[in-house]
Amino acid sequence: MNFSKLLKQKLDRIKENNLYRNRCILPDDLIDFSSNDYLALKDSKETKEKLCLNIEKLSLGSGASSLISGYKDVQKQLEEELSKFKETESCLVVGSGYLANTGLIQAITSQEDIVFSDQLNHASIIDGIRLSKAKKVIYRHNDMNDLEDKIKKEKNRGLKFIITDGVFSMEGDVVPFDQLKTIADRYNAVIIVDDAHATGIIGEGKGTVFHFGLKPDENIIQVGTLSKALGSYGAFICGSNILIDYLINRMRTQIFSTALSPVQNFISLSNLKIIQREPFRREKVLKLSEYLYKQAKKERINLNFYGTPILTLIVGDEKKALHIRDKLLENRLFVQAIRPPTVPEGSARLRITISYKHSDNDINLLVKFLKEILENYHG
Ligand SMILES: *Cc1c(COP(=O)(O)O)cnc(C)c1O
């Protein structure tokens, strides 16, 4: 069969199942409840002004991978600032969160090892495990009994790793990290915690480990991205000196990919300083998130809320999720419908994210229209 014809057939099937997706450029005057720019730093005036003042000094591209000649002073400064922030010995800045997870997991695992992974971990973690030669064991979402049952049974010669999102990207809930750490210590496992959505938000902005009053140690690897609350692009891995040294030597997504632009790293560094200096940003976001939960509840709309700025309305049916999204859009509100395969079958949902730039009034509008749309929906 002809290649294009085959692809067309596959696309048709995606459409029939209400799973077709396209990219769209949203108008500027929308109230956006879908961005991960929680702290409204992607448009930071302060950082833009600083960038203008420094642009002459900055190269636009890094020119090569870090090991060849792409490692620049601003990346070093960013890594030092992130280490301080995350209270670790060392840090490695890499191209993106996706590259961080795929590269990290492959680099530090080998054939004798076992990776225990939460069922709802991010796709980049799943792909990292696929690239690894280690055995994979999936445990039920945030179910520490299931994790312990499974880890207890495995008697391998190599290492054990437990991998989890800190704040789950499509749920908004938080891993019970204190319990997970106890289990990890009991069975001598290394933890990788992906703080993509936790960074800048929970644990005084420092992430999941700190949210539980714990401190980093050499058996905790903290991954995070610079593209969400930090409003920039890129990612980081924080851990011991030995870990980072090893990754510099063995992590393929870092070795064989060009280093981030100094301009981008400059933006990340400036925004990182802002999140530390302006805790009121995340405080407002968390207050607004709770406000949304409470206002919705008054109207008998049961949003899932876990003390993070990611709230969900799980509707199950893909068509219904799309309908709600489209109706909200008619009213200048944007909430993305999240469908399989991003979330499990039968759990299509509206995923609402709250940002520092929202007001009480924006939230009142969202609740008002959600109520109307839900009342008038007759599948
Ligand atoms: C967004 C996300 C990533 C990917 O980060 P990028 O920098 O966008 O590539 C990784 N892990 C989790 C949990 C995420 O939500």
Side-chain angles (χ1 to χ4, degrees), residues 23 34-39 41-42 75 78-79 82 86 91-107 115 117-132 138 141-142 161-175 177 180 191-203 207-209 211 220-238 251-254 257-261 264-265 267-269 271-272 275 285 306 308-312 336 338 341-344 349 351-355:
R23 301 175 300 170
S34 284
S35 172
N36 299 317
D37 178 33
Y38 302 111
L39 304 179
L41 289 176
K42 77 177 168 56
Q75 181 165 334
L78 176 59
E79 288 172 347
L82 281 164
K86 286 283 193 175
C91 172
L92 179 69
V93 163
V94 297
S96 71
Y98 187 87
L99 292 174
N101 281 329
T102 49
L104 169 71
I105 298 167
Q106 191 200 23
V115 176
S117 176
D118 187 287
Q119 172 192 12
L120 295 185
N121 275 342
H122 190 262
S124 56
I125 294 178
I126 296 168
D127 292 356
I129 296 171
R130 281 186 185 146
L131 285 171
S132 153
I138 309 287
H141 176 53
N142 272 349
F161 292 89
I162 303 171
I163 303 189
T164 183
D165 282 19
V167 172
F168 283 82
S169 53
M170 295 301 139
E171 307 296 318
D173 56 351
V174 182
V175 62
F177 190 83
L180 186 137
I191 299 173
I192 300 174
V193 56
D194 180 351
D195 269 349
H197 294 274
T199 304
I201 305 295
I202 63 170
T208 307
V209 176
H211 181 68
I220 299 175
I221 302 171
Q222 301 179 79
V223 178
T225 164
L226 301 164
S227 58
K228 288 166 182 162
L230 277 150
S232 178
Y233 193 75
F236 58 87
I237 300 167
C238 283
M251 185 169 137
R252 295 173 65 83
T253 55
Q254 184 267 143
S257 189
T258 301
L260 285 165
S261 160
Q264 201 66 54
N265 287 333
I267 294 166
S268 301
L269 182 58
N271 283 353
L272 177 58
I275 69 168
V285 169
Y306 304 96
T308 74
I310 303 170
L311 293 91
T312 60
Q336 188 57 278
I338 310 285
T342 307
V343 291
R349 67 196 63 188
R351 173 180 180 269
I352 305 165
T353 50
I354 299 301
S355 161

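Every number for a ligand or one of its atoms is a count from 1 in the order of the listing. These numbers were taken from a predicted model, which means no experiment stands behind them.
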The criterion is salt bridge (charged side-chain N to carboxylate O under 4.0 Å, His left out); which residues satisfy it with [X], sequence neighbours excluded?
{"X": "Arg130", "result": "Asp127"}
{"X": "Asp194", "result": "none"}
{"X": "Arg351", "result": "none"}

Open item on the list: Could you go through Gln264 and Ser232, starting from their C-alpha distance and side-chain angles, then the distance that decides it, and tell me whether this counts as side-chain hydrogen bond (donor to acceptor under 3.5 Å, both in side chains)?
Closed with: CA-CA 7 Å; Gln264 201 66 54; Ser232 178; 2.9 Å; yes
Quick one: ligand 1 N/O to protein N/O pairs below 3.5 Å?
residue: ligand 1; atom: 7 (O); partner: Gly97; partner atom: N; Å: 2.7
residue: ligand 1; atom: 7 (O); partner: Thr225; partner atom: OG1; Å: 2.9
residue: ligand 1; atom: 7 (O); partner: Ser227; partner atom: OG; Å: 3.3
residue: ligand 1; atom: 9 (O); partner: Gly97; partner atom: N; Å: 3.1
residue: ligand 1; atom: 9 (O); partner: Tyr98; partner atom: N; Å: 2.9
residue: ligand 1; atom: 11 (N); partner: His122; partner atom: ND1; Å: 3.4
residue: ligand 1; atom: 11 (N); partner: Asp194; partner atom: OD2; Å: 2.6
residue: ligand 1; atom: 15 (O); partner: His197; partner atom: NE2; Å: 2.7
residue: ligand 1; atom: 15 (O); partner: Lys228; partner atom: NZ; Å: 2.7

- [ ] To the nearest 0.5 Å, tell me how far Asp118 CG sits from Ile138 CD1.
- [x] 8.5 Å
TODO: Look up atom CD1 in Ile201 and atom CD1 in Ile354, then write down how far apart they are to the nearest 0.5 Å.
DONE: 11.0 Å
